[in-house]
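Written out below as structure tokens is the structure these notes cover.
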2 protein chains.
Amino acid sequence: MKRKITIKDIAKVANVSIGTVDRVIHNRGKVSEKALQKVNDALKELDYKANPLARSLKNNVVYTISILIPDPQKDSYWLPCQQGIMEIITEYEAFDVDISVHYFDPSEPESFSQIGARLIGKSPDAVLFVPLFERESDVLLQKLNKKDILSATFNSLPRNHVDQHVGQDLYLSGRVGAKLISDFLHPSTSKIGVVHIDEAFNNAIHMQQKEEGFKSFYETYATKYDIFTKTINTDNIHSTLLDFIESHGVNVFFVTTSKTYEVARTLELLNKNGIVVGYDLLQENIKYLTEGKIQFLIHQAPRMQASLSLKSLVEKLLFKKEYPKKQFLPIEIINSENVKSYL
Amino acid sequence: MKRKITIKDIAKVANVSIGTVDRVIHNRGKVSEKALQKVNDALKELDYKANPLARSLKNNVVYTISILIPDPQKDSYWLPCQQGIMEIITEYEAFDVDISVHYFDPSEPESFSQIGARLIGKSPDAVLFVPLFERESDVLLQKLNKKDILSATFNSLPRNHVDQHVGQDLYLSGRVGAKLISDFLHPSTSKIGVVHIDEAFNNAIHMQQKEEGFKSFYETYATKYDIFTKTINTDNIHSTLLDFIESHGVNVFFVTTSKTYEVARTLELLNKNGIVVGYDLLQENIKYLTEGKIQFLIHQAPRMQASLSLKSLVEKLLFKKEYPKKQFLPIEIINSENVKSYL
DNA sequence: TAAAAAAATGTGTACGTACACACTAATTTA
DNA sequence: TAAATTAGTGTGTACGTACACATTTTTTTA
């Protein structure tokens, strides 16, 4: 039965004490040339790999991670993201990490700043957050960088430096939407509407990138289509949409946010058929998808984004494991059939 | 700064020795009613969670896992699956697991049986394999069960009992293909061909389930379409396909295997346009997808299947972590745009 | 060349758990 | 009631690593 190589084995082969081996591994000096040579040779020869278990066992500090995400009660898009986080908390509950979750109001930049500042006050080892608001996020990031607190984001990418990020390529995501829609287009009768529905306009980069990607797809296209853009606040969604649809005769829609169901609902009320492609597996979106009133949804995998970013953070702290600075998740296409495999 | 609860803490609170606490936790008896009560109370009160690191540190046996998969040299579909396995091997290389990978010829059931038998001879703790051949897999599984070796499969699900499985719902996967195709169908002019291209016919369950799913979708459909089925061995693919296309006038194709590019190529040679939906992100498939000669590919995520199943196995052995007996991965839809996010 | 300083090396203990063994207390048996 | 048995409890050591400290060896200085 094979046994793993330990520093003891190295010590024996190199004919030195484990203390010397340890000093070489962590190169804290005080080792003679000769010994260094011998130990390094043995290290290479036996292909030594430190036992991360024993290593982290020694390290008896408890790392603290503070998480700041939008309140799922205010916008159910964040529900799976919360679940993903809870899942990881459970997974590492027996380890030396102390993870706390805090929520801000996605329609109140002020609440983000306030709670963010409070978190930093406690000097955690790392802060993971959703940079929903551009300006406020940059302020928070500056503070984090200054205080040498590990920073991590997911969902959207802030302009300032972040130590770690998990997300999707939003530009490409827009192109995917465009491609999906292109299969349904009729040269003469199709008019396309790009619709942004969101509470906080600060969130704009997000939606803008998708729109740019979307339009870029049609630039290399033989047939030219009329593309109209509409940005809608959460007040008076229906009347605004109604007006938008009627005035331009739009019958094909790309909705850049999870509020895609609003467009489907409006079309339903108008008793019109249209092509709707949008985002996210919200209950209401799934309903319309199943009924054929939404053709495709693009899955932003909030749960995966949240759990992956938290997991990376935890393993970085706990096991010194290295992760790529930016991790981009695949852009997943959902229709009425494969949606079942996502539930 | 918070500290994690250890058996020492429990011992102190319950006013007994750590030995007694240990006996309670592993209930190996020899504990008085009174002590049992006290320890259990303390355990609950302090919400004790064993430190899995320390636990597995003690356990100095090296677990062995043997893996049996098709040779990626013979069918490049298995390349990412091999990569996924290597990735996990690297990830756990410092732990007490010894993982060895063995390859069989996907066109030779005999090689599967032979290598399988050899593996079992070494009495590993677990065997992970791809049950490509029905009969041979069942034989292997029977031996594994008898010898109490942990068994695990991925890609397809054998009939016999398996301790662990990772895969996709193939029936649903067929329905997804049908739905994707349905968006392109024209009531009068569309004739659908379901094409099975594979070396080993033993693999039939696999393809059959997809076909059933595919057909089930159209059963609840208003318009009736002609659906023709063709099973093709790897010899004379082109002439067989040519004949199939011409004789039935098929112009819409659902290919149930990764050899989807063969259909696209044949259409290309015939200078015909057609709708092709098939499986897997092979280089050749991606080429035709990007050129618009394949509309959609269904991603079976072989890499993910392999890595997830191996990871589950490792963590089960190493950390006694529990995983669901069957894990089904989502069915991922790929078009010419989101394919970039998968590379 | 002896003493002092510096460099190099070795030893011991801790992390939290598991388990063998030693020990004490409570029963049983003669 | 003493001896023998059994039930219950506590102690010590090991796992592999990290680090403080003790010890030895080498170099420098007077």
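Letters A, B, ... mirror the listed sequences (proteins, then strands); counts begin at 1.
- Under the 30°/60° scheme for interplanar angles, the aromatic rings of B:His299 and B:Tyr342 are found to stand perpendicular.
- Taking the side chain of B:Val31 as heavy atoms from C-beta on, and the options D:dT17, C:dT11, D:dT9, the nearest nucleotide is D:dT9.
- Protein atom NZ of B:Lys49 is 17 Å distant from nucleotide atom C1' of C:dT17, rounded to whole Å.
- Taking atom CG on A:Leu46 and atom P on D:dG16, their separation rounds to 14 Å, with Å as the unit.
- For A:His26 and D:dC19, the shortest distance from a side-chain N or O to OP1 or OP2 is not below 4.0 Å.
- Between the side chain of A:Asp163 and the backbone N or O of A:Ser151, at least one donor-acceptor pair lies under 3.5 Å.
- Distance from the side chain of B:Thr20 is smallest to D:dT9 among D:dT9, D:dG16, C:dT17.
- Contact annotation: A:Tyr48 does not reach the phosphate of D:dG16 (side-chain N/O to OP1 or OP2, under 4.0 Å).
- Nucleotides of DNA chain C nearest to B:Ala50 and A:Lys30 differ in position, and the one nearer the 5' end is that of A:Lys30.
- Counting to the nearest Å, the C1' atom of D:dG16 and the NZ atom of A:Lys8 are 8 Å from each other.
- OP1 or OP2 of D:dT26 has not a single side-chain nitrogen or oxygen of A:Ser32 nearer than 4.0 Å.
- Ring planes of B:His165 and B:Phe328: perpendicular class, angle over 60° (limits at 30 and 60°).
- Taking atom CD1 of residue A:Ile10 and atom P of nucleotide D:dA18, one finds them 13 Å apart after rounding to whole Å.
- Using a 4.0 Å heavy-atom criterion, one finds that B:Asn51 contacts the sugar-phosphate atoms exclusively.
- Under the 3.5 Å distance criterion, with hydrogens and angles disregarded, a donor-acceptor pair is assigned to the side chains of B:Gln82 and B:Tyr103.
- Comparing C:dT9, D:dT9, C:dT17 by their closest approach to the side chain of B:Arg23 singles out D:dT9.
- The side chain of B:Ser17 has D:dT11 as its nearest neighbour among C:dT9, D:dT17, D:dT11.
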A:Phe133 vs A:Phe104, test: ring pair (Phe, Tyr, Trp, His ring centres under 6.0 Å). Steps then yes/no.
CA-CA 11 Å; A:Phe133 312 113; A:Phe104 65 89; 5.8 Å; yes
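- Straight-line distance from the CZ atom of B:Arg28 to the C1' atom of C:dC19: 6 Å, rounded to whole Å.
- The side chain of B:Asp22 approaches C:dC19 more closely than any other nucleotide in the set C:dC19, D:dT17, D:dT9.
- In this structure, B:Lys12 atom NZ and D:dG10 atom P are separated by 15 Å, rounded to whole Å.
- Comparing C:dG16, D:dT9, D:dG10 by their closest approach to the side chain of B:Val16 singles out D:dG10.
- Considering only side-chain atoms of B:Ile18, the nucleotide from D:dG12, D:dC19, C:dT9 that sits closest is D:dG12.
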